[in-house]
Amino acid sequence: VYYHFEGTVDELRAKILNKEHGTHVAGTIAGDSICGDGYEIMNGNAPKSKLIYFKLNSYSNDMLIEKMAEFGSRISSNSWDYMGYDDEGNYAFSLLALNNPDIAFIFSAGNEYQGGNFTVDDPSGSKNILAVGAIDDFFEEVRKMRFQSKKDASFYIDGEEIQMYDPFYTGVLGTDVNKSDIVIVNVEEVGDCELFEIDRLFLIYASTREKAAWVKKCYVYPSKGVLLSVEVEKVQAFLEHSKSSLVTAFDITQINNSKPVNHAYFSSGGPANKGIIKPDLMAPGRRIFSAKSIKNTTEFHGCADNVSSCVSIKEGTSQAAPNVAGAAALISQYFMDGFWKYPSVTLDGPTLRALLINSCVHPQRSKTPDILFGHGVIDLSTLL
């Protein structure tokens, strides 16, 4: 309902990048699939909820509050941080929440756990902010994608993830990056990372995984992903059969129903600035499927296996925070529409924050918060 950008529409379009972070986050909150029956699983947590958007670092907090009041918004979802402790930012947002108790301020906790504890960034470390960490996903550890001929489905090859990929894609297969959408590369013959710095989907192959290990060190943005096969003869036969023709690539990674609730490897640990126990709670933040933007186009993105997939996969506490924001919208709607035994109630920020925290289930069944999981994983079935 409102998009804040200082410039023209043409300038805005020019700045929209492939797989835009903000588009993905917005889809996690409010996504509502247009692809028909069976695609509801791609919806966000609160389909059809309304969004207002503010460009980071180009607005004042006063302007934010003014616009939120104008549009009746009471939930502020923030997938960004100051990278470390920032006393000024910590104070500013804690004061902002204190002075605007009708709003729940939700922030991603940070992706710095490789540095151990004391890595929850500000403003998440603020006293009056809800800090969201990320739990691991529930998929098999080895991610896989199938490349299947459009003219004969019996011809296919499976690849293992080397770099994160989009879950659906259809394009022309080949070895020439200038003529192919899906590029097959023998990485025993090529040793240049620059090859992967292009907007293509790559199926690489080698006789052993060790001989392809160098690709993991490459910077692959904005590629659509890199998959590996060590079935050299099968790849070559697939290439011979399907070269210069359409091939569909789709995710075939299986769910692991026995996988426990784990902390995502990147999700920052507390304590936060001033020694406060953070994060406050956890939500899914790995292998999150959500909306994808495509550079400089207003064309329909398609559904599933169309040439331009409308979905991408991302991970981070940036993806966990909007999951909680969507849940907050559902809680607000529940009380506003009078689904409980009393008349309509509009929740304030602290109450909404308290309800979110009290919905949590700690993976170790702890009754007290800790500096890794906070109060635990959000679960609205315990609350509503």
Side-chain angles (χ1 to χ4, degrees), residues 1-32 44-83 86 88-111 121-126 128-132 283 285 288 290-293 295 298 314 316-329 332 346-349 352-353 356:
V1 292
Y2 178 81
Y3 195 102
H4 172 249
F5 180 81
E6 295 177 352
T8 67
V9 172
D10 287 341
E11 288 170 337
L12 170 62
R13 286 185 179 140
K15 285 183 177 292
I16 293 177
L17 299 175
N18 193 33
K19 305 182 188 176
E20 171 111 3
H21 179 268
T23 300
H24 196 274
V25 166
T28 301
I29 298 173
D32 185 32
N45 267 6
K48 293 184 173 67
S49 57
K50 305 298 186 292
L51 298 176
I52 65 174
Y53 171 84
F54 272 82
K55 178 77 175 79
L56 181 61
N57 295 332
S58 66
Y59 68 86
S60 68
N61 286 341
D62 287 343
M63 184 191 302
L64 172 67
I65 298 302
E66 179 183 315
K67 283 296 178 184
M68 289 186 73
E70 179 181 339
F71 287 97
S73 175
R74 291 173 168 267
I75 301 166
S76 174
S77 183
N78 300 270
S79 290
W80 62 273
D81 55 52
Y82 288 119
M83 294 297 291
D86 183 294
E88 184 177 347
N90 180 294
Y91 174 79
F93 277 89
S94 205
L95 186 64
L96 189 68
L98 178 68
N99 290 337
N100 296 277
D102 56 324
I103 299 173
F105 291 89
I106 299 168
F107 272 82
S108 54
N111 305 318
D121 299 327
D122 285 324
S124 272
S126 303
N128 300 323
I129 298 302
L130 190 75
V132 182
I288 302 300
S290 188
K292 169 186 173 183
S293 59
K295 188 176 182 179
T298 56
K314 289 185 181 293
T317 56
S318 283
Q319 278 58 58
N323 265 310
V324 173
S332 294
T346 301
L347 301 178
D348 62 17
L352 183 54
R353 181 177 158 193
L356 286 164

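For the numbers below, each heavy atom of this structure counts, side chains included, while hydrogens, waters and symmetry mates do not. Here the structure is a predicted model, which is why all the values come from computation and not from measurement. Along the sequence shown, the residues carry numbers beginning at 1.
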- Note on the structure: Value for OG (S79) from CD (Q319), rounded to nearest 0.5 Å, stands at 6.5 Å

- Query: Given the rule in the ring pair (Phe, Tyr, Trp, His ring centres under 6.0 Å) test, do F93 and W80 qualify, once you have shown the distances and angles that lead to the verdict?
  - Reply: CA-CA 13 Å; F93 277 89; W80 62 273; 5.7 Å; yes

- Message: Looking at every non-hydrogen atom in both residues, tell me the closest pair between A46 and G326 and how far apart they are.
- Response: CB-O, 3.6 Å

- Message: Side chains of N323 and T28 only: does a donor on one sit below 3.5 Å from an acceptor on the other?
- Response: no

- Query: Any sub-3.5 Å donor-acceptor pair from S77's side-chain atoms to I106's backbone N or O?
  - Reply: no

- Query: Judged by atom type as modelled, is there a donor-acceptor pair below 3.5 Å linking the side chain of D122 to the main-chain atoms of S124?
  - Reply: no

- Query: Aromatic rings Y2 and H4: how do their planes relate, parallel, tilted or perpendicular, breaks at 30° and 60°?
  - Reply: parallel

- Item | Side-chain touch F71/K50, heavy atoms, less than 4.5 angstrom | no

- Message: Is there a side chain to side chain contact (heavy atoms under 4.5 Å, CB included) between I75 and L352? Walk through the geometry before answering.
- Response: CA-CA 9 Å; I75 301 166; L352 183 54; 4.0 Å; yes

- Note on the structure: Residues A321 and N78: closest non-hydrogen pair is CB-O, 4.2 Å

- Message: Looking only at side-chain N and O atoms, does H21 offer a donor or acceptor that is under 3.5 Å from a partner on S318?
- Response: yes

- Can you name the nearest heavy-atom pair linking A30 to S49, along with the distance? CB-OG, 3.2 Å

- Query: What closest approach, in Å, do F105 and N100 show between heavy atoms, and which atom pair accounts for it?
  - Reply: CE1-O, 4.3 Å

- Message: If I compare all heavy atoms of L51 with all of A26, which pair ends up nearest, and what's the gap?
- Response: CD1-CB, 3.7 Å

- Query: How close do I103 and S73 get, heavy atom to heavy atom, and via which atoms?
  - Reply: CG1-O, 4.3 Å

- Message: Which residues pass the salt bridge (Lys or Arg N to Asp or Glu O under 4.0 Å) test with E66, not counting sequence neighbours?
- Response: none

- Query: Any donor-acceptor pair under 3.5 Å linking the side chain of H24 with the backbone of I288?
  - Reply: yes

- Approximate separation, where rounding is to 0.5 Å, of S76 OG and I129 CD1: 7.5 Å

- So, does N111 use its side chain to make a donor-acceptor pair with the main chain of T317 at under 3.5 Å? yes

- Taken in chain and number order and not counting sequence neighbours, the residues that satisfy salt bridge (Lys or Arg N to Asp or Glu O under 4.0 Å) with D32 are K48

- N99 side chain near I65 side chain, heavy-atom distance below 4.5 Å: no

- Task: Side-chain contact test, heavy atoms from C-beta onward, threshold under 4.5 Å: evaluate it for V25 versus K314 and give yes or no.
- Result: no

- Task: Would you mind reporting whether R74 and T346 have side-chain heavy atoms less than 4.5 Å apart?
- Result: yes

- Would you give the length of the straight line joining atom CG of L64 to atom CG of L96, rounded to the nearest 0.5 angstrom? 6.5 Å

- Query: Do Y82 and D121 have side chains that get closer than 4.5 Å, going by heavy atoms?
  - Reply: no

